[in-house]
Structure formats: structure tokens, C-alpha cells
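Since the structure comes first, as C-alpha cells, the remarks are kept for the end.
Predicted, not measured: the structure shown is a model, and the values here were computed from it. Heavy-atom basis, side chains included; hydrogens, waters and symmetry copies ignored. One-based numbering along the sequence shown.
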Amino acid sequence: MMENGQPDGRKRKDIKVGLEVEIVQKQDQRSGNLTEGIVKRILTKSPNHPHGIKVQLETGEVGRVKNILDNED
């Protein structure tokens with residue numbers, strides 16, 4: 001959980017196809033540059049991951065979820 005109570009991208013159960021998220025792509029890990037998009041596929045199989053769940057966006061970009069932008073609970 002992040003400080004504002006929003007889930008972050010480390011638990012697979014918090015991430016669903018169609019969710020708007022910010023990911024960090026492999027080549028952006030050093031710069032911390034985030035890419036915004038809609039989840040198309042969840043690539044990480046384990047229930048959680050310390051660096052964020054790996055997803056593919058609808059644009060085809062792949063990265064680890066850093067922030068979940070819309071969370072309709």
C-alpha cells in the first residue's frame with residue numbers, strides 16, 4: 001500500500017485488465033521515467049513482486065506497475 005491508502009503495483013490481485021496504470025519499462029529503470037497506459041495483459045504469474053507486477057499495456061509496451069491511477073472499488 002502506498003501512503004495514501006491506494007494499492008501500489010506489487011500485488012497481482014490489485015491489477016486488472018483495463019486498469020489505468022503507470023509502469024516503468026526496462027530501459028527506464030535507471031531514469032525512473034514512467035509510462036502511462038491501460039493494462040492489456042498481466043505477465044507476472046506470482047501473487048506479488050517486490051519491484052511491481054509486470055504487465056503489457058494496450059500500446060504493446062511492457063513494464064512493471066509503479067502506480068495504479070484509477071481504482072474503482
Side-chain angles (χ1 to χ4, degrees):
M1 284 279 198
M2 287 170 50
E3 56 282 346
N4 61 2
Q6 283 279 88
D8 57 22
R10 290 191 293 235
K11 288 191 170 50
R12 196 174 189 277
K13 68 177 177 56
D14 292 335
I15 297 167
K16 294 175 177 47
V17 172
L19 214 55
E20 191 179 352
V21 296
E22 286 180 329
I23 64 166
V24 64
Q25 295 181 69
K26 186 81 173 161
Q27 69 270 22
D28 293 332
Q29 282 176 342
R30 286 200 165 151
S31 67
N33 193 18
L34 296 177
T35 305
E36 209 171 293
I38 308 293
V39 176
K40 180 180 175 186
R41 290 174 55 213
I42 300 172
L43 303 176
T44 300
K45 295 280 184 261
S46 62
N48 48 45
H49 191 285
H51 301 299
I53 299 299
K54 190 178 278 187
V55 298
Q56 180 180 31
L57 302 180
E58 287 182 343
T59 54
E61 294 156 312
V62 172
R64 295 196 181 276
V65 176
K66 290 297 172 193
N67 299 306
I68 297 172
L69 299 179
D70 65 354
N71 187 22
E72 60 289 355
D73 263 335

Drop me the distance from [X]'s [atom1] to [Y]'s [atom2], to the nearest 0.5 angstrom.
X   : Y   : atom1 : atom2 : answer
K54 : R64 : NZ    : CZ    : 4.5 Å
R41 : E58 : CZ    : CD    : 13.0 Å
Q56 : K40 : CD    : NZ    : 5.0 Å
N67 : E20 : CG    : CD    : 11.0 Å
T44 : H49 : OG1   : NE2   : 6.0 Å

Query raised in the report: Is K66 reaching over with its side chain to a backbone N or O of H51, donor-acceptor style, under 3.5 angstrom?
Result: yes

Report task. Without swapping roles, check the side chain of K45 against the backbone of I42 for a donor-acceptor pair under 3.5 Å. Result -> no

**Report entry** Given V65, I38, L69, the one that forms side-chain contact (heavy atoms from CB on, under 4.5 Å) with V21
**Finding:** V65

Report task. From the options I53, I68, I23, I15, select the one residue that forms a side-chain contact (heavy atoms from CB on, under 4.5 Å) with V39. Result -> I15

Query raised in the report: Which is it for L43 and V55 under the side-chain contact (heavy atoms from CB on, under 4.5 Å) test, yes or no, and what are the steps along the way?
Result: CA-CA 5 Å; L43 303 176; V55 298; 5.6 Å; no

Query raised in the report: Can you list the steps and then say if T35 with E61 is a side chain to side chain donor-acceptor pair (under 3.5 Å)?
Result: CA-CA 9 Å; T35 305; E61 294 156 312; 4.8 Å; no

